[in-house]
Amino acid sequence: MTWDTGDFDRESLASAARAFTAQQVARCAAIGIDAGGYQVSHLAVRTRTWRDYLAARDAIESYSTANLENVWNGRPISKLLLSEPIEIADGIGIPLIELIPPFHQRVYRMGLEHVGFVVGPEHPAFIERHREVLTGQQFQSRFCAPVYRLFEDYTHVKFYETSLGDVCRLEGAAFDGMVHADWQPADPDAGPYETGCD
């Protein structure tokens, strides 16, 4: 799937998000996970450089109502609450974009990197049912411990008990306007270990 990661207007992002989500749902179906009926928590987008992150953040903020930006793993990450969810299927929309800049020790997919689905209270049973095809689990906080599947192209699907937006609220944050972390990298053009977005 090719996508110009410098093109963050709403329609371009929406078109790419629909194709990416459909691809990831089909991949899940191939390994026995029916992800198509779950609500979407968020879509994660990774940028190659800090400059790219700032350009993407400015563009996505223009069609968002609020954001949360905090420093995680040594660099800011922005959770952008869209003014209107990006519809990907009847009754299913993407309400939140997780925007992630570089500076990390692992290889990651640039551009559309993962889609998060909300499993709800059956999350423990979901894990037991699909343990053999899941790649791992993250323990980010007491409210956030998604399981995930990593695919060969370094994209993921993640499955949450609670949406990322609701996790932020449970942790005491509020989506109230645009808030930016006070943070600057030594080199705004430095990139991470990455794979491309083709």
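In this chain, residues are counted from 1 in sequence order. Keep in mind that what you see is a predicted model, and the values were worked out from it rather than measured.
A side-chain donor-acceptor contact under 3.5 Å links S62 to the backbone of A59. Using modelled atom types, one side-chain atom of Q24 and one backbone atom of H156 make a donor-acceptor pair closer than 3.5 Å. A donor-acceptor distance shorter than 3.5 angstrom exists from the side chain of N67 to the backbone of V179, with no hydrogens or angles considered. Looking at R75, its side chain never comes within 3.5 Å of a backbone N or O of V71 through a donor-acceptor pair. At distances below 3.5 Å, not a single donor-acceptor pair connects side-chain atoms of S64 with backbone N or O atoms of S83. A donor-acceptor pair under 3.5 Å is formed between the side chain of T21 and the backbone N or O of A17. At least one donor-acceptor pair closer than 3.5 Å links the side chain of S41 to the backbone N or O of L164.
Looking only at side-chain heavy atoms (C-beta outward), I33 and V133 come within less than 4.5 Å of each other. Looking only at side-chain heavy atoms (C-beta outward), Y148 and Q138 come within less than 4.5 Å of each other. The shortest side-chain heavy-atom distance between V157 and C28 falls under the 4.5 Å cut-off. In this structure, H42 and Y160 have side chains that are in contact, with non-hydrogen atoms separated by less than 4.5 Å. Residues R46 and E98 have side chains not in contact (no heavy-atom distance under 4.5 Å, counting atoms from C-beta outward). Considering only heavy atoms from C-beta on, V119 stays 4.5 Å or farther from E161 through its side chain. Counting only heavy atoms from C-beta outward, the side chains of V118 and T162 never approach each other to under 4.5 Å. Residues I97 and L13 form a side-chain contact, since some pair of their non-hydrogen atoms from C-beta on lies under 4.5 Å apart.
Checking each of R27, Q23, R149, E113 against T155 for a side chain to side chain donor-acceptor pair (under 3.5 Å) leaves exactly one that passes, namely R27.
No path of Ile, Leu, Val, Met, Phe, Trp and Tyr side chains, each step under 4.5 Å between heavy atoms, connects I77 with L43, placing them in separate hydrophobic clusters. If you chain together hydrophobic residues whose side chains sit under 4.5 Å apart, I92 and I86 fall into the same group. The hydrophobic clustering, which links ILVMFWY residues whose side-chain heavy atoms are closer than 4.5 Å, places I60 and I88 together. Both Y63 and L54 are assigned to one and the same hydrophobic cluster, defined by single-linkage of ILVMFWY side chains at heavy-atom distances under 4.5 Å. Hydrophobic clustering keeps V115 apart from L96 (ILVMFWY residues linked when any side-chain heavy atoms are closer than 4.5 Å, directly or through intermediates).
The minimum heavy-atom distance linking C168 with F175 is given by the pair CB-CE1, 4.2 Å. Across all their heavy atoms, A16 and L112 have their closest contact at O-CD1, 3.4 Å. Shown here for A145 and Q137, the closest heavy-atom pair between the two residues is O-NE2, 2.9 Å. Summarising the geometry of V167 relative to C144, their closest heavy-atom pair is CG1-CB, 3.7 Å, with the distance given to 0.1 Å. T47 and A56 get closest at one heavy-atom pair: CG2-CB, 4.2 Å. Contact detail for V45 and F8: the closest heavy-atom pair is CG1-CE2, 3.8 Å.
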Review point. For E61 and H180, what are the C-alpha separation, side-chain angles and deciding distance, and is it a side chain to side chain donor-acceptor pair (under 3.5 Å)?
Key: CA-CA 11 Å; E61 283 182 357; H180 298 148; 2.6 Å; yes
Check your understanding: Would L68 and L80 satisfy side chain to side chain contact (heavy atoms under 4.5 Å, CB included), going step by step from the backbone distance to the final call?
Key -> CA-CA 7 Å; L68 291 173; L80 297 126; over 6 Å; no
Check your understanding: After noting the C-alpha distance and the side-chain angles of E69 and R57, does the key distance pass the salt bridge (Lys or Arg N to Asp or Glu O under 4.0 Å) rule?
Key -> CA-CA 10 Å; E69 188 176 77; R57 188 183 70 185; 2.8 Å; yes
Exercise for review: Walk me through it: do V147 and R131 pass the test side chain to side chain contact (heavy atoms under 4.5 Å, CB included)?
Suggested key: CA-CA 9 Å; V147 289; R131 186 175 299 278; over 6 Å; no
Point to revise | S163/Q39 under side chain to side chain contact (heavy atoms under 4.5 Å, CB included): CA gap, chis, key distance, verdict | key: CA-CA 9 Å; S163 73; Q39 290 298 316; over 6 Å; no
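Salt-bridge check for R10 with E84: failed, with every basic side-chain N at 4.0 Å or more from each acidic carboxylate O.
Aromatic pair F159/F126: centroids less than 6.0 angstrom apart.
The aromatic rings of W183 and W50 stand perpendicular to each other, their planes meeting at an angle above 60°, with 30° marking the opposite boundary.
Taking the centre and axis of the six-membered ring of Y154, the NZ or CZ atom of R109 falls outside the cone set by 45° and 6.0 Å.
Residue-environment remark: CG (D189) exceeds the threshold of 12 foreign heavy atoms within 6.0 Å.
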